[in-house]
Amino acid sequence: MRTVAVVGASLAGLSAARSLRKQGYDGRLVVIGDELHRPYDRPPLSKEFLVGTLGEADLSLETDDEDLRAEWLLGARAAGLDRAERAVRLADGREFRADGIVIATGAVARTLPGSEGLAGVHTLRTLDDARALRDELARGGRLVVIGGGFIGAEVASTAYALGLDVTVVEAAPTPLAGPLGARMGDVVSALHMDHGVRLLCGVGVKGLSGERRVDAVLLEDGRSIPGDIVVVGVGARPCVEWLAGSGVELDNGVKCGADGRTSLAGVVAVGDCANWYDPRAGAHRRVEHWTGARERPDAAIATLLAGGAVEPGVPRPPYFWSDQYGVKIQFAGHAAAADSVTIEAGAADDRDVLAVYRRAGVPVAVLGMNQPRLFTRWRKQLAATSS
């Protein structure tokens, strides 16, 4: 293998490039990224960066002495993959042929229809998004967050700390019920009400009002919520449109095996765009978490370099964390697989709790709120049980 192209220059792409060198690949390495920025850390964008305790230099994922001997093509958007020529085609017309290709194009934030061109309306996915939102939050005012997921909750927590008047609107009856289940989703989302942040659940958004700048969020039940700033946090979609017609099978992202291999030989996928097979569940899952983007490229690169001749292992249970209103929230596993949830330590009312999810008595997930030591112990046990 003489040339490998990594399409995507965020954490997953950088991790893949590092894995290539770590696993002995010494050929040409091309890293293509659609943003102009070098790889940076995204989790702080909704927290420390918005508050101002971390600057842009602190977000860098590369060390000062790191040299991957890579060609970096930044500000270059992938527009197609030529299966016959094994070439990545860029939007500016350039093409790069490669023996091996790593798809790491991530995901893009979903937007609210009709919000285009309306000042004061934001999504939060990129460094540029965070810059714009940080400048607006610094001026204060009324913030409405649409979507009570983790990004929305973290932005609400940060804005509360900055002194803004904050309202969170969630279409589902219980925020975070998807990742955490209804019972513990209710416990975690109660952090908003603990701190005087308004939480409106079970109501959808009809649209926004305002001429040049947003001034209110219109709800489907007829209410109007005044807002000077609106953050839309309604999830993300995988960036895979550029692969249409390439022969790479798509299904909620790039459909992969348990080791990242795709339907095309010599092509693997990692990160938020990759829908990996989970042997534990017997189904494909797309994991949009930092740890997945950091850990899974090792397996995908091993598969790529071995030409698919290695036996796929079992990926570690997905893990993510969130910091809200001074509470450290950690979760590992799959809540949807559980038929019971038990409190093993602490008390839910105190937001200091360790909860274990089980199916037929076997642990399948664990949630910690301000329980880092006990959570770490249970996470290790969960990984051992799942392997």
Side-chain angles (χ1 to χ4, degrees), residues 42 44-52 108-126 128-179 185-186 188-237 322-327 329:
R42 295 184 191 273
L45 295 181
S46 57
K47 303 181 283 288
E48 298 93 339
F49 183 79
L50 286 186
V51 173
V108 63
R110 298 184 186 277
T111 58
L112 193 67
S115 64
E116 301 82 1
L118 196 60
V121 181
H122 300 263
T123 57
L124 183 56
R125 184 78 185 182
T126 69
D128 291 335
D129 293 339
R131 286 170 172 170
L133 180 57
R134 180 189 58 186
D135 292 345
E136 292 240 42
L137 294 180
R139 291 195 286 268
R142 300 165 298 180
L143 169 69
V144 180
V145 178
I146 302 174
F150 283 105
I151 289 294
E154 289 174 357
V155 170
S157 171
T158 300
Y160 164 81
L162 291 171
L164 279 79
D165 177 84
V166 184
T167 301
V168 177
V169 180
E170 169 58 48
T174 303
L176 302 171
D186 188 58
V188 173
S189 60
L191 286 168
H192 294 302
M193 294 173 285
D194 290 348
H195 293 81
V197 170
R198 288 182 296 278
L199 177 61
L200 307 178
C201 297
V203 59
V205 172
K206 182 178 181 180
L208 305 176
S209 71
E211 294 185 3
R212 296 182 179 179
R213 183 178 181 87
V214 68
D215 57 32
V217 174
L218 308 178
L219 304 184
E220 290 181 343
D221 63 6
R223 283 180 290 175
S224 176
I225 310 300
D228 308 298
I229 309 166
V230 172
V231 173
V232 180
V234 293
R237 58 175 178 81
S322 179
D323 296 294
Q324 301 173 27
Y325 305 100
V327 175
I329 302 162

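All values below come from the heavy atoms of this structure, side chains included, with hydrogens, waters and symmetry mates left out. All figures in this text were calculated on a predicted structure; none of them were measured in a lab. In this chain, numbering begins with 1 at the start of the sequence shown.
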Asker: With Arg142 as reference, evaluate Thr167, Asp215, Asp228 under the side-chain hydrogen bond (donor to acceptor under 3.5 Å, both in side chains) test and give the passing residue.
Answerer: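 So the option named by the test is Asp228.
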Asker: Just jot down the ring-ring contact (aromatic ring centres under 6.0 Å, His included) partners of His122, sequence neighbours excluded, or say none.
Answerer: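 Listed in chain order: nothing, the list is empty.
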Asker: Compare every heavy atom of Thr123 with every heavy atom of Ala109, then report the nearest pair and how far apart it is.
Answerer: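 Closest approach of Ala109 to Thr123, heavy atoms only: CB-CB, 3.8 Å.
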Asker: Hey, what's the ring geometry for His192 with Tyr325, parallel, tilted or perpendicular (30° and 60° as the breaks)?
Answerer: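 Judged by the thresholds at 30° and 60°, the geometry between His192 and Tyr325 is perpendicular.
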Asker: What's the shortest heavy-atom distance between Leu45 and Ala130, and which atoms?
Answerer: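 In this case the closest contact between Leu45 and Ala130 is CD2-CB, 3.8 Å.
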Asker: Is there a side-chain contact (heavy atoms from CB on, under 4.5 Å) between Asp128 and Arg131? Walk through the geometry before answering.
Answerer: CA-CA 5 Å; Asp128 291 335; Arg131 286 170 172 170; 3.0 Å; yes
Asker: Minimum heavy-atom separation for Glu170 to Gly147, with atom names?
Answerer: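 That would be OE1-C, 3.7 Å.
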Asker: Which atoms form the tightest heavy-atom contact between Ser189 and Leu199, and what is the distance?
Answerer: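 Minimum heavy-atom separation between Ser189 and Leu199: O-CD2, 3.8 Å.
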Asker: Tell me which donor-acceptor pairs under 3.5 Å the side chains of residues 200-208 have, and how far apart each pair is, sequence neighbours excluded?
Answerer:
none

Asker: Can you list the steps and then say if Leu112 with Val234 is a side-chain contact (heavy atoms from CB on, under 4.5 Å)?
Answerer: CA-CA 8 Å; Leu112 193 67; Val234 293; 5.9 Å; no
Asker: Distance check, rounded to the nearest 0.5 Å: Ile146 atom CD1 versus Arg110 atom CZ?
Answerer: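 Reported to 0.5 Å precision, the distance equals 15.0 Å.
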Asker: Distance check, rounded to the nearest 0.5 Å: Arg42 atom CZ versus Asp129 atom CG?
Answerer: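 Interatomic distance, Arg42 CZ to Asp129 CG, rounded to 0.5 Å: 9.0 Å.
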Asker: Consider only side-chain N and O atoms of Thr111 and Glu116, and report whether a donor and an acceptor are under 3.5 Å apart.
Answerer: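 Note: Thr111 and Glu116 side chains miss the donor-acceptor criterion.
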Asker: So how far is it from Leu191 CG to Tyr160 OH, rounded to the nearest 0.5 Å?
Answerer: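 One finds 11.0 Å between CG of Leu191 and OH of Tyr160.
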Asker: Sorted by first residue and then second, give each salt bridge (Lys or Arg N to Asp or Glu O under 4.0 Å) pair with at least one member in residues 155-169; sequence neighbours left out.
Answerer: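 Residue pairs with at least one partner in residues 155-169: Asp165-Arg198.
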Asker: Name the residue from Arg125, Gln324, Glu154 that meets the side-chain hydrogen bond (donor to acceptor under 3.5 Å, both in side chains) definition with Ser46.
Answerer: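 For Ser46, the side-chain hydrogen bond (donor to acceptor under 3.5 Å, both in side chains) test succeeds with only one of Arg125, Gln324, Glu154, which is Glu154.
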Asker: Working to the nearest 0.5 Å, report the span between CZ of Arg213 and CD1 of Ile229.
Answerer: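 So the gap between those two atoms works out to 6.5 Å.
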Asker: Is the closest side-chain donor-acceptor distance between Thr174 and Asp186 under 3.5 Å?
Answerer: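 Side-chain D/A pair, Thr174 to Asp186: absent.
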Asker: Run Leu124 and Val155 through side-chain contact (heavy atoms from CB on, under 4.5 Å) and show every step you take.
Answerer: CA-CA 9 Å; Leu124 183 56; Val155 170; 3.7 Å; yes
Asker: Let me know which of Val168, Leu143, Ile151 forms a side chain to side chain contact (heavy atoms under 4.5 Å, CB included) with Val231.
Answerer: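 So, applying the side chain to side chain contact (heavy atoms under 4.5 Å, CB included) to Val231 and each of Val168, Leu143, Ile151, only Leu143 qualifies.
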Asker: Could you report the tightest heavy-atom contact between Val144 and Gly227, atom names first, then the distance?
Answerer: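 Closest pair (atom of Val144, atom of Gly227, distance): CG2-CA, 4.0 Å.
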Asker: State, to 0.1 Å, how close Ser224 and Leu218 come at their nearest heavy-atom pair, and which atoms those are.
Answerer: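 Reported closest heavy-atom pair: OG-CD2, 3.6 Å.
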Asker: If you round to the nearest 0.5 Å, how far is NZ of Lys47 from OG of Ser157?
Answerer: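 Atom-to-atom, Ser157:OG and Lys47:NZ are 9.5 Å apart.
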